[in-house]
Amino acid sequence: MTQTQSTKTATAPAIYSLTIAPACVLRGRSAIAQAGDAIARFGKRPLIVGGSNSLAAAQPYLQPILEQQQLKSAETSYGNDCSETSLETLREAVQTHQADFIIGVGGGKALDAAKLVAHQCKIPIVTIPTSAATCAAWTALSNIYSEQGAFQYDVTLARCPDLLILDYGLIQTAPQRTLVAGIGDAIAKWYEASVSSGHSEQTLIISAVQQARILRDILFQKSAAALKEPGSETWQEVTDAAVLLAGVIGGIGGAQCRTVAAHAVHNGLTHLLASHGTLHGEKVAYGILVQLRLEEMLQNNQLAASARQQLLKFYSEIGLPQTLDNLGLGDITIAELQRAADIACNPNSDIHRLPFKVVPQQLMAAMVSTTAPVGELKIKN
């Protein structure tokens, strides 16, 4: 029998770019003090970018090694937000100082600004988180906000940081509230990834989703004890979970293992000035409850109902917000709530990764009933 060659042209497989991890991670109680050689290999003229409080907190840790390595550094504040205006100012500071690398110091917005300006100027970036509030020190992503603090869009970076220094001594100087917020941001990985990517058959996506489940379990088991003993081994493990393991999950899962409703709710709330007194992870933690409430109301999902009750108990134990009132938004108007819901439901929002359609009115109902007893206020599609 004669074989015939197929005339069909094979479709080229999609190419996925993964920026999984920083090139090097140094962690320990005196990590900065031992990082002089690792920092100095990037250049001689670092620009240190951070918030005023973070720069002051890190200065006693960082200044001795800058002097030891004879680095000619300059400091500059990123401003109030990682905004287009602040980034322009930072680019000018890079040129003025003739910086050959950047050291980002601080929380999520400071590190996002430092990473993005390094990306734009094509110079190396060292990240030094001053709290465990986010995994921003790890990721190849920066979030852009307006001058008023409203979320605008995110930017995918060419790579993760060249060096991440996690110094437990420095992290411990931050208010405990920041670690609580970091727990809220990190635990969202499971609730969002399991919805957006839980049915994937791709090896790396499966791995990321399962690591998100492990991250959730670690936080359930260790968070309360960690908060009672700051600086302890358990506290360090929870810090690693919030800053490092959360970053690993985003790195391995990449663009296909995305945020869903919890971060969409956060993004909507940032457009309300009254929300700016709360931290990113606090709003995200509340957003998880909203997401589960939507699954419960619109799909009669009993697993989501059970998960919400489990989270409410956990939140009570460690001090995460459960309601709009807990976020300082108990007095917002219906119009303001509608505005946040409209933004969270915009056509490009991650909320549409839910396996069902959500409209602003349904989201508003979920936002005001996060602590409702199971079975209340069901909405039919």
Approximate separation, where rounding is to 0.5 Å, of L245 CG and W138 CH2: 8.5 Å
Polar side chain donor-acceptor pair, S369 to R293, under 3.5 angstrom: yes
CA sep, side-chain torsions, deciding dist, call: E88, R91, salt bridge (charged side-chain N to carboxylate O under 4.0 Å, His left out): CA-CA 5 Å; E88 184 178 350; R91 288 192 297 271; 5.2 Å; no
Derivation and outcome, side chain to side chain contact (heavy atoms under 4.5 Å, CB included), residues T333 and L337: CA-CA 6 Å; T333 65; L337 184 64; over 6 Å; no
Polar side-chain atom of T270 near backbone of F151 as donor-acceptor pair, under 3.5 Å: yes
T130 side-chain N/O to S54 backbone N/O, donor-acceptor pair under 3.5 Å: no
Identify each donor-acceptor pair in which a side-chain atom of residues 217-225 lies under 3.5 Å from a protein atom, sequence neighbours left out, and give them as a table.
from : atom 1 : to   : atom 2 : distance (Å)
K222 : NZ     : E237 : OE1    : 2.6
S223 : OG     : L219 : O      : 2.6

For L141, the rest of its hydrophobic cluster, which grows through side-chain links under 4.5 angstrom: none
Donor-acceptor pair, side chain of E295 and main chain of N301, under 3.5 angstrom: no
Q172/R29 under side chain to side chain donor-acceptor pair (under 3.5 Å): CA gap, chis, key distance, verdict: CA-CA 9 Å; Q172 198 178 338; R29 181 152 287 280; 3.1 Å; yes
C345 side chain near V358 side chain, heavy-atom distance below 4.5 Å: yes
Flag for N346-S349: side-chain donor and acceptor within less than 3.5 Å: no
Evaluation steps, side chain to side chain donor-acceptor pair (under 3.5 Å), between Q152 and N143: CA-CA 8 Å; Q152 301 292 296; N143 291 323; over 6 Å; no
Residue pair K357 / Q362, side-chain heavy-atom distance below 4.5 Å: no
Shortest non-hydrogen separation from C135 to A242 and the atoms involved: CB-O, 3.7 Å
Tell me which donor-acceptor pairs under 3.5 Å the side chains of residues 57-67 have, and how far apart each pair is, sequence neighbours excluded?
from : atom 1 : to   : atom 2 : distance (Å)
Y61  : OH     : G169 : O      : 3.3
Q63  : NE2    : E67  : OE2    : 3.3

D240-Q236 side chain donor-acceptor pair, cut-off 3.5 Å: no
Pairwise side-chain contact, L166 with P129, heavy-atom cut-off 4.5 Å (strictly under): yes
Chi angles and distances behind the side chain to side chain donor-acceptor pair (under 3.5 Å) call for Y153, N267: CA-CA 9 Å; Y153 59 94; N267 295 344; over 6 Å; no
Backbone N/O of R45 and side chain of D100: donor-acceptor pair under 3.5 Å: yes
Single-linkage hydrophobic cluster, 4.5 Å side-chain cutoff, I351 and L272 together: yes
Derivation and outcome, side chain to side chain contact (heavy atoms under 4.5 Å, CB included), residues V195 and R353: CA-CA 8 Å; V195 169; R353 299 184 195 282; 5.9 Å; no
Atom pair NZ (K283) and CG (D185), whose distance is rounded to the nearest 0.5 Å: 11.0 Å
Linked, directly or transitively: L47 and I123 (ILVMFWY side chains, under 4.5 Å): yes
Gap separating the NZ atom of K115 from the CD1 atom of I125, nearest 0.5 angstrom: 8.5 Å
Residue pair Q210, S207: steps toward the side chain to side chain contact (heavy atoms under 4.5 Å, CB included) verdict: CA-CA 5 Å; Q210 290 308 310; S207 173; over 6 Å; no
S86 side chain vs D81 backbone, donor-acceptor pair below 3.5 Å: yes
Shared hydrophobic cluster, V126 / V25 (ILVMFWY, side-chain heavy atoms < 4.5 Å): no
Full working for side chain to side chain contact (heavy atoms under 4.5 Å, CB included) between I144 and D154: CA-CA 6 Å; I144 307 299; D154 57 46; over 6 Å; no
Side chains of N326 and Y315 in contact at under 4.5 Å (non-hydrogen atoms): no
Backbone of I32 reached by a side-chain donor or acceptor of D167 within 3.5 Å: yes
Side chains of Q69 and D37, donor plus acceptor under 3.5 Å: yes
Approximate separation, where rounding is to 0.5 Å, of I39 CD1 and I128 CD1: 5.0 Å
Beyond-backbone contact of R339 with I343, side-chain heavy atoms, under 4.5 angstrom: yes
OG-OH distance between S275 and Y286, expressed to the nearest 0.5 angstrom: 11.5 Å
Parallel, tilted or perpendicular, as decided by the 30° and 60° cut-offs, for the rings of Y145 and H266: perpendicular
Whether T173 side chain and L170 backbone form a donor-acceptor pair below 3.5 Å: yes
Under 3.5 Å donor-acceptor, R308 side chain and T370 backbone: yes
Minimal non-hydrogen separation, N80 against K109, with atom names: O-CD, 4.3 Å
Other residues, nucleotides, ligands: >12 heavy atoms within 6.0 Å of R27 CZ: no
T127 to A137 - nearest heavy-atom pair and separation: OG1-O, 2.8 Å
Derivation of the side chain to side chain donor-acceptor pair (under 3.5 Å) call for S316 and Q322: CA-CA 8 Å; S316 294; Q322 303 176 27; 2.7 Å; yes
A344 to L363 - nearest heavy-atom pair and separation: CB-CD2, 3.6 Å
Residue pair A110 / V49: nearest heavy atoms and the distance that separates them: O-CG1, 4.4 Å
Distance, nearest 0.5 Å, that separates SG of C257 from CD1 of I249: 8.0 Å
Side chain E192, main chain H263, donor-acceptor under 3.5 Å: yes
H271 side-chain N/O to E336 backbone N/O, donor-acceptor pair under 3.5 Å: no
F101 to K44 - nearest heavy-atom pair and separation: CE2-N, 4.1 Å
Co-membership, hydrophobic cluster, residues V359 and F356, 4.5 Å side-chain: no
Single-linkage hydrophobic cluster, 4.5 Å side-chain cutoff, W235 and F314 together: yes
